[in-house]
Amino acid sequence: MQEFFYDQMPSDLKSIGLALYLSVLGIGSFLSGFIIWIVEKTTCGNGQDGWISDNLNHGHIDYLYYLLAGISAVAFVMFVYFAKSYVYNGERDK
């Protein structure tokens with residue numbers, strides 16, 4: 001991904017491309033923590049263990065992985081859509 005940001009940016013904005021690359025990694029980390037927080041808040045209640053529990057026998061971490069697989073599937077479909085419509089810089093001049 002770093003190579004994509006560096007290669008496809010105009011030569012005057014290559015440092016901005018690298019900054020965007022690092023920003024994407026940071027945003028992904030925050031989104032990961034936000035998803036965990038949302039899952040904990042929505043599945044815990046009334047003194048019951050939620051999906052993420054200290055006791056693996058009472059928790060349902062498998063539901064969390066199903067949720068993450070669903071999010072990944074949606075992201076993959078979006079990636080395929082945008083990748084098919086993208087035109088590389090080297091091919092625009094032809």
Side-chain angles (χ1 to χ4, degrees):
M1 189 163 77
Q2 180 181 2
E3 182 179 347
F4 174 77
F5 275 112
Y6 189 75
D7 187 40
Q8 296 299 306
M9 293 296 285
S11 60
D12 295 339
L13 300 174
K14 294 217 185 250
S15 61
I16 299 290
L18 291 175
L20 284 173
Y21 164 71
L22 293 175
S23 298
V24 166
L25 292 178
I27 289 169
S29 179
F30 280 118
L31 284 177
S32 173
F34 183 69
I35 289 171
I36 296 294
W37 181 76
I38 290 292
V39 166
E40 285 181 349
K41 292 295 180 189
T42 56
T43 61
C44 293
N46 300 329
Q48 297 177 340
D49 288 334
W51 290 359
I52 305 169
S53 175
D54 292 336
N55 187 345
L56 291 177
N57 294 325
H58 295 171
H60 289 282
I61 198 129
D62 54 334
Y63 295 163
L64 174 66
Y65 285 112
Y66 295 146
L67 174 68
L68 293 177
I71 292 171
S72 295
V74 170
F76 178 71
V77 169
M78 290 173 51
F79 168 76
V80 168
Y81 173 76
F82 289 118
K84 286 188 178 218
S85 64
Y86 185 77
V87 178
Y88 286 102
N89 279 339
E91 296 177 4
R92 289 182 184 159
D93 299 332
K94 294 180 182 178

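This chain uses plain numbering: 1 for the first residue, then up along the sequence. Fair warning: this is a prediction, and the values are worked out from it, not measured in the lab.
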Evaluate whether atom CG of Asp62 has more than 12 neighbouring non-hydrogen atoms of other residues, nucleotides or ligands under 6.0 angstrom away. yes
Quick one: name the residues clustered hydrophobically with Ile36, using the 4.5 Å side-chain heavy-atom rule over I, L, V, M, F, W, Y, and just say none if it's on its own. Ile35, Val39, Trp51, Ile52, Ile61, Tyr63, Leu64, Tyr65, Tyr66, Leu67, Leu68, Ile71
Is Ser32 reaching over with its side chain to a backbone N or O of Gly28, donor-acceptor style, under 3.5 angstrom? no
Mind checking the CG-CG spacing from Leu20 to Leu25? Nearest 0.5 Å is all I need. 11.0 Å
Hits for side chain to side chain donor-acceptor pair (under 3.5 Å) against Ser53, two or more places apart or cross-chain, chain-then-number order -> Asp49
Transitive ILVMFWY cluster of Tyr81, excluding itself - 4.5 Å side-chain cut-off: Val74, Met78, Phe82
